[in-house]
2 protein chains.
Amino acid sequence: MPDTPRRADRIPGNRYGNRPTMKDVAARAGVGLKTVSRVVNGEAGVTPETERRVQEAIDALGFRRNDSARVLRKGRTASIGLVLEDLADPFYGPLSRAVEEVARAHGALLINGSSAEDPDREQELVLALCARRVDGLVVIPAGDDHRYLEPELKAGVATVFVDRPPGRIDADVVLSDNYGGARDGVAHLIAHGHRRIGFIGDMPRIHTAAERLRGYQAAMEDAGIPVKDSWMSLGVTDPERVRRAAEEMLADPHPVTAIFTGNNRVTVTVIRVLAQHDRGVALVGFDDIELADLLQPGVTVVAQDAAALGRTAAERLFRQLDGTLLAPERIELPTRLVTRGSGEVPPAD
Amino acid sequence: MPDTPRRADRIPGNRYGNRPTMKDVAARAGVGLKTVSRVVNGEAGVTPETERRVQEAIDALGFRRNDSARVLRKGRTASIGLVLEDLADPFYGPLSRAVEEVARAHGALLINGSSAEDPDREQELVLALCARRVDGLVVIPAGDDHRYLEPELKAGVATVFVDRPPGRIDADVVLSDNYGGARDGVAHLIAHGHRRIGFIGDMPRIHTAAERLRGYQAAMEDAGIPVKDSWMSLGVTDPERVRRAAEEMLADPHPVTAIFTGNNRVTVTVIRVLAQHDRGVALVGFDDIELADLLQPGVTVVAQDAAALGRTAAERLFRQLDGTLLAPERIELPTRLVTRGSGEVPPAD
DNA sequence: TAGAGCCTGGACAACGTTGTCAGAAGCGGG
DNA sequence: CCCGCTTCTGACAACGTTGTCCAGGCTCTA
């Protein structure tokens with residue numbers, strides 16, 4: 001056994017270290033290049049004896065087909081790109097997992113990246129994926145102008161947007177019913193007797209945030225409740241500011257008796273604020289959160305099915321790739337109100 | 001505006017739809033092929049006027065460099081592969097996010113896949129990534145024999161294992177101090193007066209599970225407490241069986257007064273069981289869980305820093321790629337005991 | 001004005017694979 | 001014994017890019 005460290009084996013001059021190619025395998029097996037290709041791809045027309053010799057050479061050399069070259073030749077990469085906002089957000093875990101499962105079922109690999117909610121970074125990522133010639137893209141958009149994708153769409157890159165619609169281009173999109181979900185959630189609070197209901201959500205330039213806000217306003221209007229500006233806090237997302245926003249709403253001489261929160265991160269922060277608050281304030285949050293059922297009270301939420309969003313989008317992507325798809329479509333998945341207690345707290349006054 | 005659907009634009013015969021190549025751009029700009037290449041790559045030696053003409057042609061045609069061809073030529077893909085167990089597990093979100101951040105800082109894309117804890121699927125994925133000629137691999141292993149990676153390592157594919165060590169090969173690995181963390185967690189329970197302490201964890205064939213079990217046993221032995229077999233439940237991971245295991249431990253005439261849980265999923269289930277239980281049973285869990293601080297009582301955990309694991313591994317990977325690294329190394333990151341209440345409950349009897 | 005040197009641009013090969021096509025070998029029937 | 005057929009094999013071009021190298025035109029100096 002040699003005692004030189006493993007990595008010293010590398011021959012720096014050689015690309016890919018020093019990987020054997022089909023040519024090397026062919027030489028060693030004493031056959032033609034194409035015969036190796038046939039064996040590697042399981043094509044018919046190779047004598048068992050020849051195949052054995054080739055296989056032996058492959059194993060001896062540790063040959064692995066170079067898919068880059070293959071892709072160049074064949075024009076299909078068998079990979080799709082996923083651009084999302086933040087992998088660490090628990091909402092995107094199941095979504096990306098679902099996309100991956102579908103990709104796997106179609107024999108494709110998943111390449112992904114996070115935009116960190118930055119439109120430039122989104123574009124950079126998408127174009128990098130296109131340069132890789134991914135067969136298709138699933139995009140959770142951060143920006144609101146996707147005209148930069150026009151050449152790609154024209155060139156046949158299958159594209160599906162998820163969670164938020166694309167801006168200024170026409171493409172498939174799979175959404176949750178943000179408007180309806182929020183409206184139902186707020187209506188639920190109203191049905192339990194609340195009239196002064198706060199809303200804390202993200203910047204309205206984000207489609208989901210705008211829709212949820214619209215749902216809130218619709219529910220209030222349906223109930224004939226005029227909304228005070230001080231009940232709405234928009235564009236607030238980092239914990240410290242959410243905390244302050246919630247506390248201000250509660251400190252009012254005529255405080256809100258319930259809060260509707262626009263996404264999971266906001267919900268968690270508001271739960272913390274309410275935990276230190278003695279008066280019973282009702283809470284309904286958009287997006288489910290883990291352990292919501294174990295808190296006191298359990299957290300009532302409007303849940304979206306992240307996995308279903310991902311699955312639906314990916315399946316549609318592969319139908320585009322099959323060529324069986326026609327015009328771009330907008331698919332909206334329903335949300336589900338999960339009552340656990342916090343949304344059923346009666347108004348304090 | 002034409003009313004034919006967008007996708008009808010595709011010319012099916014052409015690879016990649018009908019993407020323009022550098023040749024097309026060159027023809028349109030009336031320059032040589034290499035000049036286009038120079039402009040695209042920002043190389044020196046092109047007159048501003050020529051550059052302008054080329055750029056114009058690029059924009060007009062919607063040209064994007066084909067990275068497959070580039071990779072073939074250059075030998076570096078500027079991408080790394082990440083193989084993990086389950087993207088939907090909240091533990092892996094931050095980890096994979098951290099890997100992605102480091103990759104991004106080095107200008108690399110991340111290709112990932114889930115093994116679903118299946119060794120065959122892990123191997124399949126890893127080899128698919130190698131066929132893509134990723135520059136490096138970050139692997140959270142599912143299997144315990146990685147000799148199939150030997151040709152890859154020899155060929156210079158940088159490889160770092162995370163969370164669990166590789167089997168039967170020598171390679172870099174970044175781990176949490178599972179043994180020490182579990183020992184400390186259990187010692188914490190003992191320090192609070194517990195002597196009958198249960199352990200519920202995953203199959204000991206999984207390295208982390210085995211180490212945590214070892215930590216449990218060490219702490220008990222250090223305290224001179226003989227462990228009864230009925231206190232240990234191994235290889236139990238799906239919620240229903242965890243529930244049964246916990247209930248059995250508590251139903252014993254001489255029941256455990258505290259439980260140490262071996263991972264986040266087990267912890268969550270046990271929390272549910274304890275919530276329906278009136279006697280105060282102490283709990284310390286391995287892995288932090290969200291909202292653990294808001295439960296009654298707060299959940300005391302041995303927290304690992306998933307992001308740090310990912311970051312450390314990825315950084316080490318890129319140091320391998322820089323060529324500044326020598327022998328494989330084993331890096332162990334410390335865990336942190338976070339006391340929140342559930343671990344400080346005194347024994348019931 | 002001639003020669004040296006620099007700058008710009010382009011022709012060409014190579015990367016590793018696959019598709020096309022044609023040649024070689026084997027075999028059976030007339 | 002030859003022809004035609006089938007079966008297997010390999011030579012060659014092509015995929016789109018980049019590295020090498022050389023040619024031509026220009027500027028600068030003597």
Side-chain angles (χ1 to χ4, degrees), chain A residues 11 13-55 57-58 61-78 128 130-133 155, chain B residues 13-55 57-58 61-78 128 130-133 135 155:
Chain A
I11 300 165
N14 272 23
R15 316 255 277 302
Y16 307 122
N18 45 356
R19 302 217 80 140
T21 69
M22 285 194 177
K23 206 167 139 190
D24 301 325
V25 175
R28 177 167 183 131
V31 302
L33 183 52
K34 181 66 216 219
T35 301
V36 177
S37 171
R38 272 193 272 261
V39 171
V40 169
N41 295 297
E43 284 169 35
V46 181
T47 338
E49 161 58 14
T50 311
E51 173 164 0
R52 196 192 50 73
R53 280 222 316 286
V54 171
Q55 194 58 54
I58 289 177
L61 296 174
F63 166 83
R64 314 268 193 229
R65 180 177 64 196
N66 184 331
D67 273 1
S68 295
R70 177 168 220 254
V71 157
L72 177 59
R73 191 63 237 260
K74 303 203 71 143
R76 276 280 161 123
T77 58
C130 289
R132 286 299 170 92
R133 295 295 187 270
Chain B
N14 274 20
R15 314 253 278 300
Y16 306 123
N18 45 357
R19 302 215 81 140
T21 69
M22 285 194 178
K23 206 167 138 191
D24 302 325
V25 175
R28 177 166 184 134
V31 302
L33 184 51
K34 183 66 217 227
T35 301
V36 176
S37 171
R38 273 194 270 263
V39 171
V40 169
N41 294 296
E43 283 170 35
V46 181
T47 340
E49 162 58 15
T50 310
E51 173 164 359
R52 196 192 50 72
R53 280 222 315 286
V54 171
Q55 194 57 56
I58 288 177
L61 297 174
F63 166 82
R64 314 269 193 229
R65 179 177 64 196
N66 184 332
D67 272 0
S68 295
R70 176 168 220 253
V71 157
L72 178 59
R73 191 63 238 261
K74 303 203 72 144
R76 278 282 161 122
T77 58
C130 289
R132 286 300 169 92
R133 295 294 187 270
D135 297 336

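The model shown is predicted, which means the values in this text are computed figures rather than measured ones. Proteins come first, then strands; the chains are lettered A, B, ... in the order of their sequence lines, and each starts at number 1.
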First of B/P48 and B/A69 reached from the 5' end of DNA chain C, by closest nucleotide: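 Closest to the 5' end, via its nearest nucleotide, is B/P48.
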[X] [atom1] - [N] [atom2] separation (whole Å):
X	N	atom1	atom2	result
B/D24	D/dT17	CG	C1'	13 Å
A/R133	C/dT17	CZ	P	21 Å
B/F63	D/dG16	CZ	C1'	8 Å
A/R132	D/dG16	CZ	C1'	15 Å
B/K23	D/dT17	NZ	C1'	13 Å

Sugar-phosphate, base or nothing in reach of B/G45, heavy atoms under 4.0 Å: sugar-phosphate
Intermediate values then yes/no, side chain to side chain contact (heavy atoms under 4.5 Å, CB included), A/V39 and A/Q55: CA-CA 8 Å; A/V39 171; A/Q55 194 58 54; 4.0 Å; yes
Residue among B/D24, B/V46, B/V25 satisfying side-chain contact (heavy atoms from CB on, under 4.5 Å) with B/V36: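 That would be B/V25; it is the only one of B/D24, B/V46, B/V25 passing the side-chain contact (heavy atoms from CB on, under 4.5 Å) with B/V36.
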Could you check whether any side-chain heavy atom of [X] comes within less than 4.5 Å of a side-chain heavy atom of [Y], counting everything from C-beta outward?
X	Y	answer
A/R64	B/R133	yes
B/N66	B/T21	no
A/N41	A/R70	yes

Set of residues satisfying salt bridge (charged side-chain N to carboxylate O under 4.0 Å, His left out) with respect to A/R65, sequence neighbours excluded: A/D67
Whether A/R53 side chain and A/A29 backbone form a donor-acceptor pair below 3.5 Å: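 Checking the backbone N and O of A/A29 against the side chain of A/R53, a donor-acceptor pair under 3.5 Å is found.
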Listed nucleotide nearest any side-chain atom of A/L72, set C/dG9, D/dG10, D/dC15: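 Ranking C/dG9, D/dG10, D/dC15 by closest atom to the A/L72 side chain puts D/dC15 first.
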Residue A/T35, side-chain atoms from C-beta onward, closest of D/dT9, D/dG16, C/dG10: D/dT9
Under-4.0 Å side-chain N/O to phosphate OP1/OP2 contact, A/S68 with C/dG16: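 False: A/S68 side-chain N/O out of range (4.0 Å or more) of C/dG16 OP1/OP2.
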Phosphate contact (C/dG9 OP1 or OP2) by B/T50 side-chain N/O below 4.0 Å: yes
Find every protein N or O atom lying less than 3.5 Å from an N or O atom of nucleotides 18-22 of chain D, and list the pairs.
from: D/dT18; atom 1: OP1; to: B/N41; atom 2: OD1; distance (Å): 3.3
from: D/dT18; atom 1: OP1; to: B/N41; atom 2: ND2; distance (Å): 3.1
from: D/dT18; atom 1: OP1; to: B/R70; atom 2: NE; distance (Å): 2.9
from: D/dT18; atom 1: OP2; to: B/S37; atom 2: OG; distance (Å): 2.8
from: D/dT18; atom 1: OP2; to: B/N41; atom 2: ND2; distance (Å): 3.2
from: D/dT18; atom 1: O2; to: B/R73; atom 2: NH1; distance (Å): 2.1
from: D/dG19; atom 1: OP1; to: B/K74; atom 2: NZ; distance (Å): 3.3
from: D/dG19; atom 1: N7; to: B/K34; atom 2: NZ; distance (Å): 2.8

